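Start at 1 and go down the list; that is how both ligands and their atoms are numbered. Note that the structure is predicted; figures quoted are calculated from it, not measured.
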Amino acid sequence: MLGVLIRHCCSLLPVKQQTKSIFDFKSSPFDLSQFPIRPNLRRARFEFGMAPKGSITHVIFDMDGLLLDTEKFYTEVQEIILARYNKTFDWSLKAKMMGKKAIEAARVFVEETGISDSLSAEDFLVEREEMLRTMFPTSELMPGASRLIRHLHAKGVPICLATGSHRRHFELKTQRHGELFSLMHHVVLGDDPEVKQGKPSPDIFLAAAKRFEGSPIDPRNILVFEDAPSGVNAAKNAGMYVVMVPDPRLDSSFHETADQILGSLLDFNPTDWGLPPFEDKQS
Ligand SMILES: O=P(O)(O)OC[C@@H](O)CO
Ligand SMILES: [Mg+2]
């Protein structure tokens, strides 16, 4: 009820204050994902010069589905398991699972598909582990991932990784990309003791921000790159800006909360956010 009342009061505020009030809530106990930023408000941030021109000083990258093409492995394994129950896996369920910590995503999977009486979340994780362990070492980079990481690192922009993946999966997925991921100032993983709750809780992004040199960093100086609705909401709940690079099969209704939507990291223009421009002329 209180959330509805606040949302109603917000809608009465002029756009400028609305944006401010949403960021003022960043330290509130409210889950900001209840306050989807309306398109006109997001546009307002760009139209009234409220976009963070020159104010982005640090970047946090999500990993699965954003830097690495790994979400397809989860989908494939989940389809195989569901087929045994004559059920199909679809993107509306995928949208609820992606980006979350393993056990949280597993609970969504068994409950939403109605198989929790035959397969517990824990047993689902055990069953999918064997299949994922053979797939993860073949993980490829998403288009534009290497170029953007190397560019920001070369320009001295502090960058780090914040992924729901646990350490054992992180190591399997990145084993062919060790040199690139070594450019990250630090890595926060899903099984980090400081990450009490997975995305959309802000925990992982707040922990990642804290580990940059010179912290605390104002979250409004931090740009997050994400592919998942849970990750986008986690970034907004942390008071940060977020660029979403969604899978084209994800329903566009999940695009509303992000500050910018891109088809690929190749489409990212650093100067949109006050970051150093690319030197190459990427086709
Ligand atoms: O946070 P990311 O890197 O997307 O990892 C999530 C992973 O658990 C798969 O959805
Ligand atoms: Mg992701």
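- No heavy atom of Glu226 sits closer than 4.0 Å to any atom of ligand 1.
- Between the Lys155 side chain and the Phe278 main chain, no donor and acceptor come within less than 3.5 Å of each other.
- Under 4.0 Å is where a charged nitrogen must lie from a carboxylate oxygen, and between Glu112 and Arg107 no such pair does.
- Among the atoms of Glu71, no N, O or S atom falls under 2.8 Å of the Mg ion (ligand 2).
- For ligand 1 and Asp64, the ligand atoms under 4.0 Å from any heavy atom of the residue are 2 (P), 3 (O), 4 (O), 5 (O), 6 (C), 7 (C).
- Side chain of His177 to main chain of Ser139: a donor-acceptor pair is present (N/O by atom type, distance under 3.5 Å, no hydrogens or angles).
- Selection from Thr163, Leu161, Leu66 by nearest heavy atom to atom 3 (O) of ligand 1 gives Thr163.
- Between Val157 and Pro276 the shortest side-chain heavy-atom distance falls below 4.5 Å.
- The one candidate from Phe205, Trp273, Tyr241, Phe61 that meets the ring-ring contact (aromatic ring centres under 6.0 Å, His included) condition with Phe225 is Phe61.
- Looking from atom 6 (C) of ligand 1 to the surrounding protein, the closest heavy atom is Gly99 CA, 3.6 Å.
- Of all heavy-atom pairs spanning Gln78 and Phe89, the tightest one is NE2-CZ, 3.2 Å.
- One distance of note links CG of Asp69 with NZ of Lys173; it measures 11.5 Å at 0.5 Å rounding.
- The name of the N, O or S atom in Asp64 nearest to the Mg ion (ligand 2) is O.
- Each of the following atoms of ligand 1 lies closer than 4.0 Å to a heavy atom of Gly164: 1 (O), 2 (P), 3 (O), 5 (O).
- Using a 4.0 Å cut-off to heavy atoms of Met98, the atoms of ligand 1 that qualify are 10 (O).
- Within Asp62, the N/O/S atom positioned nearest the Mg ion (ligand 2) carries the name OD2.
- For ligand 1, the atoms closer than 4.0 angstrom to any heavy atom of Met63 are 3 (O).
- Counting only distance, with no hydrogens or angles, the side chain of Lys96 and the backbone of Ser92 share no donor-acceptor pair below 3.5 Å.
- Close contacts between ligand 1 and Glu71 involve ligand atoms 9 (C), 10 (O) [criterion: under 4.0 Å to a heavy atom].
- When you scan the N, O or S atoms of Asp227 for the one nearest the Mg ion (ligand 2), you land on OD1.
- Ligand 1 places these atoms under 4.0 Å from at least one heavy atom of Lys100: 8 (O).
- Under 4.0 Å is where a charged nitrogen must lie from a carboxylate oxygen, and between Asp259 and Lys236 at least one such pair does.
- Close approach of ligand 1 to Asp62 is summarised as follows: ligand atoms under 4.0 Å from at least one heavy atom of the residue are 1 (O), 2 (P), 3 (O), 4 (O).
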